[in-house]
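What you see is a predicted model; the values in this text were computed from it and never measured. Just so it is clear, the values below take in all heavy atoms, side chains as well, and ignore hydrogens, waters and symmetry mates.
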Amino acid sequence: RPEPPRRSGGHGRPLREPGVTPGARGKFVTLEGIDGAGKSTHVAFLADRMRARGHAVVTTREPGGTPTGEALRQLLLHEPMDHDTETLLMFAARREHVLRVIGPALARGDWVLCDRFTDATWAYQGGGHGVDGGRIAWLEQWVHGDCRPDLTILFDVPLPVSRERLERASAEGRRLDKFEREGDGFPERVRAVYLARSRAEPARFRVVDSTRPQEAVRADLARIVEAL
């Protein structure tokens, strides 16, 4: 497989990565899980725990995090498209996100708490939609190279729990996005990839049983942050 092409700015100029002073880099923490796992409800709690330890914290999300990323988010979540196109747009949004938000924050020594990152592409586009893993790996290396999470918290729930939560949200008037409406084994494939990745990288992943009461989940999250 060919090497990823060299990134460049306008007129072919090299596109510089945000510099990170050795020893000063912040921590990069990502939250993952299938739809209905409840991860987004814990972002503020986790950020507060990190700040209580004296860290400056940047909270962000994918797709999104920048004006370009947020514009792409609306297309990605609500417009039908070819699965390869979807993957390319995810990584286009991610490139802006790493360059404009995540990289500079880590360079300052801030902690970054991100709701989804590239594990989601492996799970949703790779597992769910069958996009070739070699293409995802190639794009991952090209788009963000060594900018990888220090810790990934995977919020896990069985599929019936996920479905029940999404059905309740829809009944309460929330517009479900196209991934939340997917059927035909899609959620099963997404969850299987997440769990496989957690087994393959146990040093990076912490799997949290998100079926439990909020207080029990947050007790686990507090312990995870304290150990980081």
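Considering every non-hydrogen atom in both V217 and S210, the closest pair reads CG2-CA, 4.1 Å. Contact between G38 and T41 at its shortest, heavy atoms only, is O-OG1, 2.7 Å. Residue L113 comes nearest to V43 through the heavy atom pair CD2-O, 3.5 Å, listed as atom of the first residue, atom of the second, then distance. Contact detail for V112 and A105: the closest heavy-atom pair is CG2-CB, 3.6 Å. Taking all atoms of both residues into account, the shortest heavy-atom contact from A47 to T59 is CB-CG2, 3.7 Å. Between A93 and G69 the shortest heavy-atom distance is CB-CA, 4.0 Å.
S162 places a side-chain N or O within donor-acceptor distance of the main-chain N or O of D35, the cut-off being under 3.5 Å. At distances below 3.5 Å, not a single donor-acceptor pair connects side-chain atoms of R108 with backbone N or O atoms of R25. The closest donor-acceptor contact from the side chain of S198 to the backbone of L195 lies under 3.5 Å. Looking at K27, its side chain never comes within 3.5 Å of a backbone N or O of D110 through a donor-acceptor pair. Side-chain atoms of R73 come within 3.5 Å of backbone atoms of P63 as a donor-acceptor pair (strictly under, hydrogens ignored).
Counted by atom type alone, H129 and E86 present one or more donor-acceptor pairs between their side chains at under 3.5 Å. Inspection of the T121 and R94 side chains reveals an N or O donor paired with an N or O acceptor under 3.5 Å. For the 3.5 Å distance criterion, the side chains of Y124 and D119 fail to qualify, holding no donor opposite an acceptor. With no hydrogens or angles considered, a side-chain donor-acceptor pair links R218 and H42 at under 3.5 Å. In summary, the side chains of R100 and T66 do not present any donor paired with an acceptor at a separation below 3.5 Å, with no hydrogens or angles considered.
The structure places CZ of R168 at 11.0 Å from CZ of R174, a figure rounded to the nearest 0.5 Å. L221 contributes atom CG, which lies 12.0 Å from atom CD of E226 (distance to the nearest 0.5 angstrom). Rounded to the nearest 0.5 Å, atoms CG (L77) and CG (L176) are 11.5 Å apart. Taking CH2 of W111 as the reference point, atom CE of M50 lies at 6.0 Å (rounded to 0.5 Å). Atoms CG and CG, from L88 and L139 in turn, are 6.0 Å apart once rounded to the nearest 0.5 Å. The CD1 atom of I34 lies 7.0 Å from the CG atom of D156; values are rounded to the nearest 0.5 Å.
Here the side chains of L106 and I102 are in contact, with some heavy-atom distance below 4.5 Å. Here the side chains of R191 and V157 are not in contact, with every heavy-atom distance at 4.5 Å or above. In this structure, V29 and L228 have side chains that are in contact, with non-hydrogen atoms separated by less than 4.5 Å. Put simply, the side chain of C114 reaches to within 4.5 Å of the side chain of H97, judged on heavy atoms. Side-chain contact between V208 and I224 is present, with at least one heavy-atom pair separated by less than 4.5 Å. Contact annotation: the side chain of H83 never approaches that of Q125 to less than 4.5 Å [non-hydrogen atoms, C-beta and beyond]. Between D84 and R135, the closest side-chain pair of non-hydrogen atoms falls below 4.5 Å. You'll find the side chain of V193 reaches within 4.5 Å of the side chain of R197, heavy atoms only.
In terms of hydrophobic clustering, with Ile, Leu, Val, Met, Phe, Trp and Tyr side chains grouped at heavy-atom distances under 4.5 Å, V101 and L89 are assigned to different clusters. Tracing side-chain contacts under 4.5 Å through hydrophobic residues (I, L, V, M, F, W, Y), one never reaches F155 starting from W122; they form parts of separate clusters. Cluster annotation: F179 and L159 are assigned to the same hydrophobic cluster (Ile/Leu/Val/Met/Phe/Trp/Tyr, side-chain heavy-atom contacts under 4.5 Å, transitive). F186 and L154 fall within the same hydrophobic cluster, where Ile, Leu, Val, Met, Phe, Trp and Tyr residues are linked whenever their side-chain heavy atoms come under 4.5 Å apart, directly or through other members. Under a hydrophobic-cluster definition in which Ile, Leu, Val, Met, Phe, Trp and Tyr are linked whenever side-chain heavy atoms come within less than 4.5 Å, directly or via other members, V190 and M81 are assigned to the same cluster.
Open room surrounds CG on D146; 12 or fewer heavy atoms of other groups in view lie less than 6.0 Å from it.
Between E70 and R61 there is a salt bridge, since a side-chain N of the basic residue sits under 4.0 Å from a carboxylate O of the acidic one. Ion pairing between a basic and an acidic side chain is recognised when a charged N comes within 4.0 Å of a carboxylate O; K39 and E32 show no such pairing. Electrostatic pairing of D150 and R204 does not count as a salt bridge here, judged by no charged N lying under 4.0 Å from a carboxylate O. With respect to R206 and D220, no salt bridge is recorded, no charged nitrogen being found less than 4.0 Å from a carboxylate O.
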Test side-chain contact (heavy atoms from CB on, under 4.5 Å) on T60 and F117; report intermediate values, then the result. CA-CA 10 Å; T60 188; F117 196 60; over 6 Å; no

Evaluation steps, salt bridge (Lys or Arg N to Asp or Glu O under 4.0 Å), between K178 and E79: CA-CA 8 Å; K178 70 182 187 184; E79 296 297 326; over 6 Å; no

Apply side-chain contact (heavy atoms from CB on, under 4.5 Å) to residues T30 and I153 and explain how you reach the verdict. CA-CA 6 Å; T30 57; I153 302 174; over 6 Å; no

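A222 is linked by a side-chain contact (heavy atoms from CB on, under 4.5 Å) to F45, R49, counting only residues two or more places apart in sequence or in another chain.
No close placement of the F205 and Y194 rings is indicated, their centers lying 6.0 Å or farther apart.
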